[in-house]
Amino acid sequence: MSLDLLHRRLVVGMGLVALAAFAGGAGFEPISTALATVALTLAFIWQPDSGVSLRLERFWLPFALLLMLRALYHIFLIGDDVIVPVVDLLLLLLCAEALRSLDAPNDARLYVLTLALIVAATAYRPGVLFALTFVTYVVLANVALVVGHLRRKAEQHGIRDGLVGRRFLAGMAGLSGVTLMMSGAVFLTFPRFSRGWAPRGEVPATSIAGFADQVSIGEHGSRIYPNPKIVLRVEFPDGTPQDLSGLHWRGRSYDRFDGVRWSRSNRLLPSIGPARWYEAWGEGRVRQQIYGAPLDVAVLFALHPMLEASSDNPGIEPLFDNAGDHIYWGSGTPSYEALSVADGPLPAALREAGSGFSPARNYYTQLPPLPQRVSDLADSLTQGLDNNYDKVTAINDFFHTEFDYTLELPRSVQEATLDYFLFERGEGHCEYFSTAMVVLLRSLGVHAREVNGFLGGQWNDFGQYLAVTQNEAHSWVEVWFPGFGWVQFDPTPGGFGGSAAVTSWLWPGRFLFDGLQHRWNKWVLDYNLESQAGLFHRVAELLGGRPRASQISPDQAPATRVGMDWTTLIVVVMALTTFVLLMRSRRHPPEVGLYLRFRESCSRAGFRADSGVAPLLLLDELARTRHPAHARAGRLIDYYLRSRFGGQELDTLQRQEMKSDLSNVRRALRQTRAPTDVPRGPLKEHSDPLVAGVARLWRE
Amino acid sequence: MFSAGTLAIGFAAINTGTNLLFLLFGAMLGFIALSGWLSERVLRQLEIRRGTPRGATVEKPLRITYYVTNQKRWFPTLAVSLIETGLPEPAFIGRLGAGESVAVGSENRFVQRGVYPLDTLTLSTSFPFGLFTKERDVRLPGELVIWPRSDRPVRLSAPPGGRGKPDFFDSSEGAPAARGEYRGLREYRVGDDPRDIHWRTTAKIGTPVIREYDHDANETIRICLDTRAEPGEAAEAAIEVAAAVAARAYRRGRPFGITTCTSDLDSGGGSGQFERVLDLLARVDFNPSAPHLAPPIDPMRCVLVSLSDERKGSYGACLVPADSRGGSLAPLGSE
């Protein structure tokens, strides 16, 4: 394969990889991606001659103009996302350049276009696939740049023989590891000070079956199908709680029920208790680091009650509404830290909760028109009970014992009513249970509301986080207790979640991939100043040998203790090394060092080269035995004598020449030893009196 | 351009805080670092010898050969230009494997005669990526001797009434008596006739020696170049005339020698002698305060090449370059 063709194929490969990087993110446009893939693949296998290339250029031109106009239209008239139309133009230009003849001098343009595509890919939040494409791109670019450069030089100087072989190309590909290491080092260490504009990556939000801004119990048909899409990834910095399956990830609350649908009232008055009420529930706290997927509702999910929510993501701003629901402003991906109370209030305390501050008006006691038997049922379940807590638990237990959970939907509209659920069907999904409980409680005058969120999750060992999927979407109830605020109850009977487990045979692999994706999101896409500080702190801890902070759960893997003080060891080793090198360098100047090494090599080769032998006598001996090293040794000795005795300071070039001569001499001495048939006696005095005098000085 | 692009990416990364741009920025810095390291490696541990011809004529291509040995153990040397200071055309090494040697050359032309000292050879490469150029100087002392042209037309005929005066360029070439009497043995010099080598003595002492003969005095052309003048075009023309005379003598098989105001070359024959004359002429300088010309033989048996005709009567023949195109005058020895 000629250098031209090899280079072209490498660059087309770069283009394909860059396209994969872009298309693998949120910037995927099926038509332009498919067309570009076809064109680049064609460029890989077919290279037109100059005539065809010229005709093709005329063909591309109107399309390029069209795309340019489209991009300008998007930028100036619509004000829409500019990246996709610009990338379409980039792709067209890339394909056009790739389909030119091999002799076209378009190397730089091809490099720039592929690089621009990679840069465009970074504007979205590409997944972990970007890591693979990035590495591949760097390797290909490494080789392509070398081949391109050598190709141009060969053309310039009329060289026809092959300049590169497979081993060389493989070596250059291997050297791209240096580039990747530098890339990683800059990525990890370059300080993140910017809070620039919010990153792009407005991935089309997911509409979740099970969680929505409106909750309805009127669905009927077949069944609710499982959906394994992960919506939350939760880490527990202070230790993983024992019972992961019972964790309720609270999202949105709803106060108004019209018999079928739950919604939120407009202009809801503040309906939350003061923070001190929730803080008094218990001492335990749970810190959660939550990485959410963008949803169509800007909700911050967390364990209830959430005391604090904070985010380093400049794209979102946490806040809460009058209902106490935690939401956020902004269009960024929700990545935040939440602090929640670990334990609920004690039942005995809740029994003592009397009257007092209650939510305003009757938002949370509102009821639609219902059959009388619904309120009769509530009365019968709570007969003889004198406090709200017992009433709530009685109703809660009723559902747990008398009802079953199922994902099968009611077969008709008539069967989809709450009345049918309570008195005929006896089974349903979580929204029925929560709706029924709220209705029953409200009929008793207890302030209660419907809450949506997620329940439990799947622990990912690889990523060490809890993955909450759409399967875990759930509804439950919150009941108002004066002095304690909203306390959650879950009337859905056991069995929830089991049948909702993902049965896909791909799940283990998907879990692994999701773990990778999570790490990618956390350590690459969302890497920030805090992450940097944390990383350096962990490195320092590891080197310092200090144990990690105390843990909440014994499930947490024990911290590793390092026996030695690595920092001290490294410092000592470096100091010793520096000292030794310094001492060696200060012992004598470089020229003397080079001569001593020459002398040592002569000695090893069998020549008499101890400290009593003058340099020129040694040279004479080499000449007398007609040793191949003699030719090179002359200049080395000359420089040495000039520097050592002649007071001449050698310049850099001369020192380099000395080193080169030494290298040649040593090679020659290794190959040819001193002849043994030549009688060895005391070396004669050199005839030149000056040299003889120097020799005497040396011996002295 | 690559550096500018790197800075732009870095700036965009810092400004936007997009982490993936930091990756890209780091990769571009990595390319720069790798480029610097590889280009440095490529230029290291190269042993270079320069081979130059004994001389080259003005405006004729001069090829300088470089014998390069790659002393590295593993690493090849690729795409290295060898640039001689002051010469436009470099030599180029495409690929030189580890431990291999290669001879590469450059071809240049010189428009003026003279001695061009060579001191430093610059090794230059933009390997591996063509992003940056790295250079390294290697000291290789030497010189290039550019001979003057020797093809300037010279019309030189024997003076009238030439009794006692040398017959310039009437040659007894090929005649046995042209050699003269045997004088003795001397060390062989480049250009001597190999048929004159005395093989027995050569074998005995291990060094080639030739028989030397006394040339007939009338056969010898002694060129006297008067350098007492200002340097310039006329001076160069005079040098070319002197070279042309020597060339003609060489072609005709006549022994010839040359004397200038500051140097003298014994008579001799053959290509070696011709090269020695050209060498001398390459080095000669015109200077108005140079000593007077003092030919070693009777001036009447010399050909004077001078910029003035003041001494025309003292020499057997006198050539004064009319202009730079040649067209020497006939000898003015005639009364």
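Every chain is numbered from 1, with letters handed out A, B, ... down the list of sequences. The structure presented is a predicted model; accordingly, all values stated were derived computationally and were not measured.
Looking at A/Asn664, only its side chain comes within 4.5 Å of chain B, counting heavy atoms on both sides. Contacts between A/Ala144 and chain B at a heavy-atom distance below 4.5 Å are absent for every atom of the residue. Only the side chain of A/Phe134 comes within contact range of chain B, with heavy atoms under 4.5 Å apart. The contact between B/Ile9 and chain A is made entirely by side chain atoms (from C-beta outward), counting heavy-atom distances below 4.5 Å. For B/Leu46, no part sits under 4.5 Å from any heavy atom of chain A, backbone or side chain. Contacts between A/Arg667 and chain B at a heavy-atom distance below 4.5 Å involve the side chain alone, from C-beta outward. Looking at A/Tyr137, neither its backbone nor its side chain comes within 4.5 Å of chain B, counting heavy atoms on both sides. Looking at B/Phe127, the atoms closer than 4.5 Å to chain A (heavy atoms on both sides) sit in the backbone and in the side chain alike. At a 4.5 Å heavy-atom cutoff, the contact between B/Ser126 and chain A is made by backbone and side-chain atoms alike. Residue contact with chain A, scored on non-hydrogen atoms closer than 4.5 Å, involves the backbone and the side chain of B/Gln71 alike.
B/Gly94 and A/Ile159 get closest at one heavy-atom pair: CA-CD1, 3.7 Å. The two residues A/Ser183 and B/Ala27 make their nearest non-hydrogen contact at CB-N, 3.5 Å.
Under the 4.5 Å side-chain criterion, counting only non-hydrogen atoms from C-beta, B/Leu34 is in contact with A/Asn142. Looking only at side-chain heavy atoms (C-beta outward), B/Met28 and A/Leu115 come within less than 4.5 Å of each other.
For CD of B/Glu187, the number of neighbouring non-hydrogen atoms (other residues, nucleotides, ligands) closer than 6.0 Å is 12 at most. Residue B/Phe11 places its CZ atom among 12 or fewer non-hydrogen atoms of other residues, nucleotides or ligands, all under 6.0 Å distant. Within 6.0 Å of atom CZ in B/Arg54, 12 or fewer heavy atoms from other residues, nucleotides or ligands are found, so the atom counts as exposed in its surroundings.
Considering only heavy-atom pairs separated by less than 4.5 Å from chain B, the leading option among A/Leu175, A/Val147, A/Val178 is A/Leu175. Annotation: maximal heavy-atom pairing with chain B below 4.5 Å, among A/Lys659, A/Met172, A/Arg632, A/Gln156, occurs at A/Arg632. Put simply, of A/Leu150, A/Val186, A/Thr122, the one with the most heavy-atom pairs under 4.5 Å next to chain B is A/Thr122.
Note: A/His157 and B/Phe92 have parallel aromatic rings, judged against thresholds of 30 and 60 degrees for the angle between ring planes.
Two rings, from B/Phe22 and A/Phe190, have their centers less than 6.0 Å apart.
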*List the steps and the verdict of side-chain contact (heavy atoms from CB on, under 4.5 Å) for A/Thr179 and B/Leu29.*
CA-CA 8 Å; A/Thr179 312; B/Leu29 288 178; over 6 Å; no
_Let's go through A/Gln656 and B/Arg136 carefully: what are the C-alpha distance in whole Å and the side-chain angles of both, what is the deciding distance for side-chain contact (heavy atoms from CB on, under 4.5 Å) to 0.1 Å, and is it a yes or a no?_
CA-CA 11 Å; A/Gln656 282 172 1; B/Arg136 180 185 151 226; 3.9 Å; yes
